[in-house]
Amino acid sequence: MDHPLIDLINQKIAEAEREGAFENLSGAGKPLPKEDDPDNALLNRLVKESGGVPEFVTLSRELVKLREELRDTADRTRRTEIMKEMSMMDAKIELARKAHR
């Protein structure tokens, strides 16, 4: 079954071709770049272009903040809590790294 907007899509492509929108494109005549994860290539590109980062990077930034808080905290109870959080964060980072590969 065709997409409900297939006629409009084809019309827009034809207009762009007539206007030369597809001429002199960078990479024309060259093979497409190798993609490590072809099933998610579009999603990965969109995330990258929008400034998104892998989960392990975000978690690593949180770990840095916990280390700073630990350094600045004198309360023993809070230090113990922070160290537990850091330990959990290390485990989450490792899992996120494995999932990212």
Side-chain angles (χ1 to χ4, degrees):
M1 185 167 148
D2 284 339
H3 190 280
L5 298 175
I6 193 69
D7 292 334
L8 178 62
I9 293 168
N10 287 332
Q11 178 187 349
K12 293 294 183 182
I13 291 172
E15 286 174 19
E17 284 178 329
R18 282 192 302 274
E19 294 170 3
F22 300 120
E23 294 174 12
N24 301 318
L25 294 174
S26 64
K30 297 177 186 172
L32 293 172
K34 184 178 181 309
E35 190 60 52
D36 293 331
D37 185 6
D39 293 337
N40 295 308
L42 178 60
L43 177 63
N44 291 339
R45 191 181 100 211
L46 291 173
V47 168
K48 183 178 177 182
E49 289 176 358
S50 67
V53 294
E55 182 183 19
F56 70 87
V57 172
T58 303
L59 293 172
S60 296
R61 291 174 182 164
E62 290 178 30
L63 182 59
V64 167
K65 290 177 184 176
L66 286 172
R67 287 183 179 138
E68 290 171 359
E69 184 179 354
L70 180 65
R71 186 185 62 234
D72 298 336
T73 302
D75 182 286
R76 292 178 78 116
T77 304
R78 180 62 188 138
R79 289 179 63 83
T80 301
E81 291 171 0
I82 293 170
M83 287 190 287
K84 287 179 185 177
E85 289 178 45
M86 288 173 60
S87 179
M88 289 299 294
M89 191 66 66
D90 279 331
K92 288 179 183 179
I93 291 169
E94 187 59 31
L95 290 172
R97 279 194 173 127
K98 286 180 181 177
H100 185 70
R101 292 182 196 152

Show me, pair by pair, the donor-acceptor contacts under 3.5 angstrom made by side chains of residues 67-74, not counting sequence neighbours?
unit_1	atom_1	unit_2	atom_2	d
E69	OE1	R78	NH2	3.3
E69	OE2	R78	NE	2.9
E69	OE2	R78	NH2	2.9
T73	OG1	E69	O	2.5

Tell me which donor-acceptor pairs under 3.5 Å the side chains of residues 7-33 have, and how far apart each pair is, sequence neighbours excluded?
unit_1	atom_1	unit_2	atom_2	d
N10	ND2	I6	O	3.3
Q11	NE2	E15	OE2	3.2

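Among residues two or more places apart in sequence or in another chain, the side chain to side chain donor-acceptor pair (under 3.5 Å) test is passed with E49 by R45. Taking the side-chain contact (heavy atoms from CB on, under 4.5 Å) definition, one finds that K84 meets it with T80, sequence neighbours left out. Checked against side-chain contact (heavy atoms from CB on, under 4.5 Å), R61 has the following partners two or more places apart in sequence or in another chain: V53, V57.
E81 CD to R76 CZ: the interatomic distance, rounded to the nearest 0.5 Å, is 13.5 Å. Between the CE atom of M89 and the NZ atom of K65 there is a distance of 10.0 Å, given to the nearest 0.5 Å.
Tracing side-chain contacts under 4.5 Å through hydrophobic residues (I, L, V, M, F, W, Y), one never reaches I93 starting from L95; they form parts of separate clusters. Both L63 and M83 are part of a single hydrophobic cluster, where members link through side-chain heavy atoms under 4.5 Å apart.
For the ring-ring contact (aromatic ring centres under 6.0 Å, His included) condition, no pair includes a residue of residues 60-82, sequence neighbours left out. Sequence neighbours left out, the pairs with a member in residues 29-74 that pass ring-ring contact (aromatic ring centres under 6.0 Å, His included) are F56-H100. Residue pairs meeting the ring-ring contact (aromatic ring centres under 6.0 Å, His included) criterion with at least one member in residues 61-89: none, sequence neighbours excluded. Judged as a ring-ring contact (aromatic ring centres under 6.0 Å, His included), not a single pair has a partner in residues 59-88 (not counting sequence neighbours).
Residue L46 belongs to a hydrophobic cluster whose other members are L42, with links defined by side-chain heavy atoms closer than 4.5 Å.
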With side-chain contact (heavy atoms from CB on, under 4.5 Å) as the test, would you mind laying out the steps for R97 and S60 before giving the verdict?
CA-CA 11 Å; R97 279 194 173 127; S60 296; 4.2 Å; yes

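L59 and A96 make their closest contact through CD1-CB, 4.1 Å (heavy atoms, listed as atom of the first residue, atom of the second, distance).
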